[in-house]
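Here's the structure we're looking at; comments come further down.
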Amino acid sequence: MLKISDLYVGYTSVPVLNGISLEVPEGKIVTMLGANGAGKSTTLKAISGLMPAGFGSIRFGGAELAGRRPDEIVRMGIAHVPEGRLVFPGLTVSENIRIGSYLCKYSKAELKRNMEHQFALFPRLAERRGQLAGTMSGGEQQMLSIARALMSKPKLLMLDEPSLGLAPVIIDQIIDKITEINREGTTVLLIEQNAELALAISDWAYILSVGSVALSGPSSEIGRDRSILDAYLGG
Amino acid sequence: MLQLVLNGLANGVLYALPALGISLIWNASGQFNFAQSDLLTLGGYIMFTLFGTLKIPYVPAFLLTVAVMGGVGYFLSWVYFYPMLEARVNPQIIMIGTVALSVFIRNFILVVWSSTPQRYRNVFGSRALQFGELFVMPHVLWIIGIVAALLILLQYFLRGTMMGTAMRSVAQRPAAAWLMGIRNNRMISITFMMSTAIAAVAGILIAPINTLSPSMGSTMGAKVMAAVLIGGLGSFSGALVGGILVGVSEILFSAFISSAYRDVFVFGLLVLFLIFRPGGIFKADISEKI
């Protein structure tokens with residue numbers, strides 16, 4: 001579904017991605033692991049068009065993504081849940097979710113049905129419809145950020161460290177939701193600090209190290225050898 | 001006394017319109033636009049040409065002026081602001097550039113319309129209406145009414161429509177707005193278009209009362225700036241309250257104390273605010289941002 005080959009991306013002249021190649025097959029959960037600065041977030045930003053790809057190609061369902069604007073990429077069916085959640089703090093929960101369908105010309109009924117679908121997935125958000133997003137807890141904001149991304153009915157959902165800074169109980173809930181979203185047919189590309197969790201729910205894993213893929217394989221195999229994992233992830 | 005307050009209110013809401021424009025732009029792009037009040041003057045002059053010279057009826061001339069000025073705002077954002085933001089030019093330089101823009105517009109007006117002060121007919125009539133003891137010029141009521149309607153419309157746009165919500169989200173989190181597929185530059189241009197059109201409304205309404213002159217923007221601009229800072233930069237309600245506060249207190253001061261020193265009073269008030277409440281009355285926190 002998504003195929004990145006030999007991608008270079010850099011801030012000014014220093015390359016952050018040094019020829020990354022990876023593949024996300026349809027319907028699967030693929031995870032990217034790696035220490036801070038390995039280039040995980042940059043990869044997602046290059047896919048969603050927030051950062052210009054230097055060289056290389058990013059193909060999504062046969063179409064080239066490199067060089068396209070973020071809005072075109074959203075329209076093609078990719079949604080990006082950014083690191084730090086980035087909900088709109090001065091918008092209510094409902095408004096945050098609604099704005100996720102900015103590009104979709106939903107009818108009133110479709111919009112409502114789609115929003116209710118998100119509220120069913122995250123009942124916590126339903127209780128807080130009218131609340132300003134900025135006043136919610138980290139976990140709730142994470143749920144909101146995911147719900148917002150799902151409003152465009154993406155084929156591929158990319159999540160950048162959804163567990164960051166959350167209490168273990170909340171992390172479990174979020175992870176459950178991610179598997180649930182995947183079961184409903186959305187392909188997932190997940191960045192996680194918590195390697196154990198990520199490997200437990202994903203089908204395939206890539207380990208990034210200083211801007212390139214150091215190791216990849218089925219998550220069950222990657223997870224077996226702790227010592228390799230520790231070497232790349234910094235224990 | 002009530003009469004004075006009412007007149008002050010009409011003045012104040014007219015300060016509030018360009019102040020609102022400044023806050024809108026500040027929120028959307030982080031830019032302070034010093035040219036806002038000169039755009040107001042330009043709006044007044046375009047109305048002068050359309051209505052005063054070409055004798056186009058008032059309402060069509062009004063709407064045409066607003067549309068033209070909206071176009072001017074859109075154009076300015078594309079030729080001036082957007083390239084600068086794109087090139088990540090230091091915001092202070094962009095801000096100083098708006099001072100240059102203000103000088104440019106002023107001289108443009110001077111060249112096109114000459115320095116002779118102009119005015120056009122006050123369509124709202126020049127006979128005061130009497131309510132008991134109170135004498136009110138009809139334009140005072142019209143101005144308050146039109147501005148109130150405009151504010152309600154703007155509120156509806158920002159809160160009730162997808163595009164308005166998108167505009168607010170760009171102001172709050174530009175990066176996340178991109179990920180929703182909202183094109184930030186287009187939203188910023190629309191913000192400029194709106195704020196320039198709003199300034200034009202103020203220009204149109206004020207021209208028959210004060211005479212139009214190329215330098216009107218600078219006299220008015222200083223008051224608008226005071227209104228923005230007293231109300232709280234970036235705050236929607238702040239622009240309104242700041243404008244009204246400046247307008248009303250200025251008129252009360254000149255009536256009861258000294259009309260010669262009224263500008264001194266307004267800027268004295270501003271200085272007090274800057275010392276004791278630098279954020280303004282409504283310190284714009286994130287939730288208040290448009």
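Basis for what follows: all heavy atoms, side chains included, without hydrogens, waters or symmetry-related copies. Naming convention: chains lettered A, B, ... in sequence-line order (proteins, then strands); numbering from 1 in each chain.
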| task | Consider only side-chain N and O atoms of B/Gln172 and B/Asn27, and report whether a donor and an acceptor are under 3.5 Å apart. | result | no
| message | Heavy-atom pairs under 4.5 Å with chain B: which of A/Thr135, A/Ile78, A/Leu91 has the most? | response | A/Leu91
| query | Under a 4.5 Å heavy-atom cutoff, which of A/Ile99, A/Ile73, A/Val74 has the most pairs with chain B? | reply | A/Ile99
| field | Proximal component of A/Arg69, with respect to chain B [non-hydrogen, under 4.5 Å] | value | side chain
| task | Answer yes if the side chains of A/Ser41 and A/Asp160 hold a donor-acceptor pair under 3.5 Å, and no otherwise. | result | yes
| request: Pick one of side chain, backbone, both or neither for A/Val81, based on which atoms fall under 4.5 Å of a heavy atom in chain B. | output: neither
| field | Residues A/Glu116 and A/Arg129 bridged, charged N to O under 4.0 Å | value | yes
| Do side-chain atoms of A/Ser145 reach the backbone of A/Gln142 as a donor and acceptor pair under 3.5 angstrom? | no
